[in-house]
Amino acid sequence: MTVIGLGAMGKALAGAFLDNGHPTTVWNRTAGKGRELAGRGATEAATAAEAIAASPVVVVCVLDYDAVREVLGAPVPVPAPAASGLTNPAEPGDVLDGSRTPGTPGTPDGSLTSDGPGAPGAVAGLLAGRTLVNLTNGTPRQARELARWASERGAGYLDGGIMAVPPMIGSPGSLVLCSGSPGAFAAHEGTLSALGTVDYLGEDAGRASLYDIALLSAMYGMFGGFLQAVAITGSERIPATEFTPLVVSWLNAMLTSLPAMAKAYDANDHSATASNLEMQATGFVNLLETGREQGVSTELLEPMGALLARGVAANRGDADLSALIDLLRTDPAQDTDLARDTDPGRGADFAEGSDPARATDAGSRDTGSHGAESHSAESRDTGLHGLGSHGAGSRDTGLHGLGSHDTGSHDLGSHGAESHGLGSHDARSHDARSHDLGSE
Ligand SMILES: NC(=O)c1ccc[n+]([C@@H]2O[C@H](COP(=O)([O-])OP(=O)(O)OC[C@H]3O[C@@H](n4cnc5c(N)ncnc54)[C@H](OP(=O)(O)O)[C@@H]3O)[C@@H](O)[C@H]2O)c1
């Protein structure tokens with residue numbers, strides 16, 4: 001194995017390979033970070049090229065895709081402009097070289113057409129016949145572009161999302177979502193399992209990233225909520241350690257509602273609710289007011305308040321919170337062909353749902369046109385690994401989708417409990433604290 005990138009995560013990955021008896025070569029941009037691993041038996045390469053040449057499997061885990069491209073000498077395509085000012089201002093289709101200087105125009109589809117001048121062909125040329133396993137966090141589009149680039153250079157490509165923090169790597173609680181070349185996965189699944197539980201999500205190199213980003217989105221929602229909660233109680237000098245057990249048990253209680261919301265979303269039937277949107281939108285104003293009264297920023301809360309209000313304005317006031325999901329879609333036309341194949345009706349409904357005015361129609365139109373039944377039947381037939389296909393289909397093939405993930409060792413309770421310090425994150429304490437909450 002070769003591991004490129006010896007930050008907190010790269011070191012943990014290399015350590016797990018060593019612990020499992022795999023000869024491991026390591027390289028890091030800044031020298032000296034491989035010393036401890038060398039003491040455990042790793043070979044330190046002097047250059048990235050030397051590291052790549054050393055092994056048939058090259059794992060890259062650096063900060064971001066720009067760093068990946070710098071290391072591999074791959075060009076950097078410019079993303080399409082986004083509304084926020086956070087992305088690169090250059091024109092879509094431009095290709096930036098490895099040094100991130102605006103370069104010559106690229107292909108209209110933003111594909112990576114040539115090797116960048118930074119580290120270059122010499123490094124990229126070494127990839128032929130090897131498998132590149134990129135465990136760097138990025139977007140589905142970035143993963144697909146790099147997969148294409150690697151394939152054009154004769155390399156197998158696997159993209160991965162690490163759903164773990166470094167101390168978890170190597171334990172069964174460490175989940176590595178993986179997608180890309182089926183042949184490469186079949187050949188190296190055993191080796192990769194040194195990192196923990198590896199879930200293969202299919203041939204689309206972008207799928208692992210899609211899941212990774214979706215899961216991180218859920219995680220940041222939770223962490224953002226926690227930060228707000230502690231800031232609110234902290235404004236009255238309540239110690240966070242005193243209040244946090246209540247947060248943990250409350251979030252655990254609320255987690256139990258997610259499967260029902262998912263079912264409502266898949267069935268496009270948001271009618272079953274004990275907590276309708278209008279009630280929630282009304283109550284949510286108090287979260288904002290309290291923030292203002294207590295001198296706590298409402299910046300994390302405002303978007304959710306706006307979305308609730310949009311749901312009510314779209315005549316969904318009597319619906320469940322799950323009705324808001326469709327309102328989040330800003331460009332349903334971007335549904336991938338894969339998604340459309342899985343559920344042809346979905347795209348049309350999203351198109352309506354993304355527009356508050358048209359969402360009104362969607363709300364009153366519980367036609368069941370893409371109900372759970374047809375949705376899952378389709379995906380089972382195709383064996384696709386979309387959210388809808390994580391039922392019998394993925395289990396039949398022995399693959400681990402979120403569906404099986406839930407029932408396996410990666411259930412929410414066990415997955416984070418140990419390493420994230422959520423010691424009270426078990427059913428027993430959850431129940432107890434929930435009752436406390438109820439009586440308080
Ligand atoms: N840590 C986590 O909890 C965690 C969990 C899941 C996924 N991840 C993902 O794992 C990846 C690595 O995270 P980390 O925690 O290891 O980050 P980190 O500790 O900050 O290390 C970053 C690594 O990237 C390298 N790097 C940055 N820019 C580079 C460049 N231009 N060229 C070459 N190397 C470059 C750094 O090299 P230098 O030493 O030379 O700076 C270092 O090895 C990220 O994509 C992260 O999102 C992390």
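For ligands, and for the atoms within them, numbers begin at 1 and follow the listed sequence.
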With only distance considered, is [X] within less than 3.5 Å of ligand 1 through an N or O on each side?
X     : value
Leu6  : yes
Trp27 : no
Asp64 : no
Leu63 : yes
Arg29 : yes

Quick one: which ligand 1 atoms are inside 4.0 Å of a heavy atom on [X]?
X      : result
Thr136 : 45 (O)
Thr30  : 38 (P), 39 (O), 40 (O), 41 (O)
Pro166 : 1 (N), 2 (C), 3 (O)
Asn137 : 45 (O), 47 (O)
Lys33  : 38 (P), 39 (O)
Asn28  : 37 (O), 38 (P), 39 (O), 40 (O), 42 (C), 43 (O)

Tell me which one of [options] gets a heavy atom nearest to [atom].
atom                    : options                   : result
atom 10 (O) of ligand 1 : Ala67, Cys61, Gly7, Gly5  : Cys61
atom 16 (O) of ligand 1 : Arg69, Glu70, Met9, Lys11 : Met9
atom 33 (C) of ligand 1 : Val71, Asp66, Ile169      : Val71

Exercise for review: Establish, from distance only, whether the side-chain atoms of Asp64 and Asn137 form a donor-acceptor pair under 3.5 Å.
Suggested key: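 Looking only at side-chain atoms, Asn137 and Asp64 do not form any donor-acceptor pair under 3.5 Å.
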Exercise for review: Please work out whether any backbone atom (N, CA, C, O) or any side-chain heavy atom from C-beta onward of Val62 is under 4.0 Å from ligand 1, and answer side chain, backbone, both or neither.
Suggested key: both
Exercise for review: Pick one of side chain, backbone, both or neither for how Met163 approaches ligand 1, counting any non-hydrogen atom pair under 4.0 Å.
Suggested key: neither
Exercise for review: Mind jotting down which residue pairs meet the salt bridge (charged side-chain N to carboxylate O under 4.0 Å, His left out) criterion with at least one end in residues 1-29? Sequence neighbours excluded, please.
Suggested key: Asp19-Arg40
Exercise for review: Determine whether Phe284 and Met304 make a side-chain contact, defined as any pair of heavy atoms from C-beta on separated by less than 4.5 Å.
Suggested key: yes
For the side chain of [X] and the backbone of [Y], is there at least one donor-acceptor N/O pair under 3.5 Å apart?
X      : Y      : value
Thr298 : Leu301 : no
Ser181 : Ala184 : yes
Gln228 : Gly224 : no
Ser322 : Tyr265 : no

Point to revise | Salt-bridge contact Asp326-Arg329 (side-chain N to carboxylate O under 4.0 Å) | key: no
Exercise for review: Answer yes when Glu145 and Arg141 have at least one side-chain N-carboxylate O distance shorter than 4.0 Å, and no when they do not.
Suggested key: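 Here Glu145 pairs with Arg141 in a salt bridge, since their nearest N and O are under 4.0 Å apart.
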Practice item. Please name all residues satisfying side chain to side chain contact (heavy atoms under 4.5 Å, CB included) with Ser275, sequence neighbours left out, ordered by chain then number. Key: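 Listed in chain order: Thr273, Met279, Gln280.
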Check your understanding: Does Ile162 come within less than 4.0 angstrom of ligand 1, counting non-hydrogen atoms of the residue?
Key ->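 For ligand 1, residue contact (heavy atoms, under 4.0 Å) with Ile162 is present.
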Point to revise | Sub-4.0 Å heavy-atom contact, Ala164 with ligand 1 | key: yes
Point to revise | Value rounded to 0.5 Å, distance of OG in Ser171 from CG in Leu195 | key: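 So the OG of Ser171 and the CG of Leu195 are separated by 10.5 Å.
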